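Remember, predicted model here, so these are calculated numbers, not experimental data. The residues of the chain are indexed from 1 along the displayed sequence.
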Amino acid sequence: LMAVAMDPEWLIDMYETVADLVVSMYDIMVDHGFEFDAAFLSCDLGFNYGTFFSPRHFEQQLHPVFSRVFSFFHDRGIPVILHSDGRIASLIPYFIEEGVDCLNPLEAKAGMDLVELKKQYGDKLSFMGGIDVRAMADPDPAVIEQEIRTKVPVAMEGGGFIYHSDHS
């Protein structure tokens, strides 16, 4: 994380190298007969209290790389699912601009409120997750039933929701 501020050129080079690897691996797999319904890409960008770095740093360093990789998949007709743990709501406008089709896992304990996110961004982004895994682990079935009753009907409205835990 120190490199975000102290050595951004090195960090950007690292991001670009990983992006090149993703693109190369896709090409290799397609050359060997694989077909893909979606690209499920993982890049944890946050923790329970916020993002690992400021939105300004994201915009300057990672946003262009994400845009390039997501465009690569979209140019091939492949939707992009982005997995990122943590409280990353401040980055969602960037994700939409970059072309993320679906965001996962919507970590409840980090404040990623599925109902609020659906209301705010549901016309621009699909969601996969948001069902609090702690409720799933509770020995009282009423806890998970309440979780489902309060979230799923709202998340299902208009489509764009895949039922899944918020962290598994």
Side-chain angles (χ1 to χ4, degrees), residues 4 10-47 51-53 55 57-110 112-133 136 147-148 151-168:
V4 170
W10 174 80
L11 205 61
I12 292 167
D13 183 55
M14 183 178 68
Y15 295 146
E16 290 288 352
T17 300
V18 171
D20 291 342
L21 177 64
V22 168
V23 167
S24 295
M25 290 306 301
Y26 169 85
D27 286 338
I28 290 168
M29 294 174 82
V30 167
D31 288 347
H32 284 86
F34 285 84
E35 295 179 20
F36 296 92
D37 296 320
F40 190 98
L41 304 173
S42 181
C43 185
D44 286 344
L45 299 166
F47 58 106
T51 57
F52 290 141
F53 36 76
H57 282 105
F58 178 86
E59 182 175 2
Q60 293 171 348
Q61 297 174 7
L62 194 51
H63 180 55
V65 180
F66 274 18
S67 294
R68 179 171 70 90
V69 171
F70 301 162
S71 291
F72 172 85
F73 286 107
H74 285 153
D75 290 348
R76 288 150 183 78
I78 299 171
V80 174
I81 302 168
L82 177 64
H83 169 96
S84 178
D85 293 329
R87 184 178 293 193
I88 56 166
S90 64
L91 301 178
I92 290 176
Y94 295 107
F95 299 155
I96 292 168
E97 183 181 321
E98 294 159 358
V100 170
D101 297 289
C102 183
L103 186 60
N104 164 268
L106 311 176
E107 197 172 351
K109 70 178 171 285
M112 295 293 289
D113 186 327
L114 171 60
V115 171
E116 285 304 312
L117 293 171
K118 176 69 176 187
K119 288 177 184 175
Q120 189 170 0
Y121 300 108
D123 61 333
K124 298 174 190 75
L125 188 62
S126 295
F127 299 103
M128 176 180 175
I131 304 301
D132 195 333
V133 73
M136 296 171 82
E147 178 79 359
I148 292 168
K151 291 182 178 179
V152 171
V154 175
M156 286 178 52
E157 260 181 53
F161 173 65
I162 301 169
Y163 180 86
H164 197 271
S165 71
D166 73 333
H167 205 98
S168 59

> If only atom types and distance count, is the side chain of Asp132 paired as donor or acceptor with the main-chain N or O of Ala108 below 3.5 Å?
Replying inline: no

>> Between Ile88 and Phe95, is there a side-chain heavy-atom distance shorter than 4.5 Å?
In response: yes

> What is the distance from atom CD of Gln60 to atom CG of Leu11, rounded to the nearest 0.5 Å?
Replying inline: 11.5 Å

> Taking atom CG of Leu21 and atom OG1 of Thr17, what is their separation to the nearest 0.5 Å?
Replying inline: 9.0 Å

> Do any N or O atoms from the side chain of Asp101 and from the backbone of Val80 form a donor-acceptor pair under 3.5 angstrom?
Replying inline: yes

> Nearest 0.5 Å, what's the CG-OG distance between Asn104 and Ser165?
Replying inline: 8.0 Å

>> Show the nearest heavy-atom pair for residues Tyr94 and Pro55, with the distance to one decimal.
In response: OH-O, 3.6 Å

>> How close do Val100 and Leu125 get, counting heavy atoms only, and between which atoms?
In response: O-CD1, 3.3 Å

>> Determine whether a donor-acceptor pair (N or O, by modelled atom type, separation under 3.5 Å) exists between the side chain of Lys124 and the backbone of Ile96.
In response: no

> Cut-off 3.5 Å, side chains only: do Tyr15 and Gln61 have a donor facing an acceptor?
Replying inline: no

> Taking atom CD1 of Ile131 and atom CG of Leu114, what is their separation to the nearest 0.5 Å?
Replying inline: 6.0 Å

> What heavy-atom pair brings Leu106 and Asp166 nearest, and what distance separates the two atoms?
Replying inline: O-CB, 3.2 Å

> Less than 6.0 Å separating the ring centroids of Phe58 and Phe66?
Replying inline: yes

> With a 4.5 Å limit on heavy-atom distance, are the side chains of Leu45 and Leu62 in contact?
Replying inline: yes

> With Phe72, which residues qualify under ring pair (Phe, Tyr, Trp, His ring centres under 6.0 Å), at least two apart?
Replying inline: Tyr26

> Which atom names give the shortest non-hydrogen contact between Met112 and Ala89, and what distance separates them?
Replying inline: SD-N, 3.6 Å

> Quick one: does Ser84's side chain have a donor or acceptor within less than 3.5 Å of a partner on Cys43's backbone?
Replying inline: yes

> Does Met156 CE have over 12 foreign heavy atoms under 6.0 Å away?
Replying inline: no

> Between CD1 of Ile78 and CD of Glu35, what distance do you get to the nearest 0.5 Å?
Replying inline: 10.0 Å

> What is the minimum heavy-atom distance between Lys151 and Gly130, and which atoms define it?
Replying inline: NZ-O, 2.8 Å

>> Quick check: do Val152 and Phe161 have side-chain heavy atoms less than 4.5 Å from each other?
In response: yes

> Can you tell me if CG on Asp31 sees more than 12 non-hydrogen neighbours from other groups inside 6.0 Å?
Replying inline: yes

> What pair of heavy atoms forms the shortest contact from Asp44 to Phe52, and how long is it?
Replying inline: O-CE1, 3.4 Å

> Are the charged groups of Asp85 and Lys109 less than 4.0 angstrom apart, N to O?
Replying inline: no

>> Any non-hydrogen side-chain atom of Pro93 less than 4.5 Å from a side-chain atom of Tyr121?
In response: yes

>> If you define the side chain from C-beta out and look only at heavy atoms, does anything of Arg68 sit under 4.5 Å from Glu16?
In response: yes

> Between atom CZ of Phe127 and atom NZ of Lys118, what is the distance when rounded to the nearest 0.5 Å?
Replying inline: 7.0 Å

> Taking Glu107 for the side chain and His167 for the main chain, is one N or O donor matched with an acceptor at less than 3.5 Å?
Replying inline: no

> Where does the angle between the aromatic ring planes of Phe36 and Phe34 fall among parallel (under 30°), tilted (30 to 60°) and perpendicular (over 60°)?
Replying inline: parallel

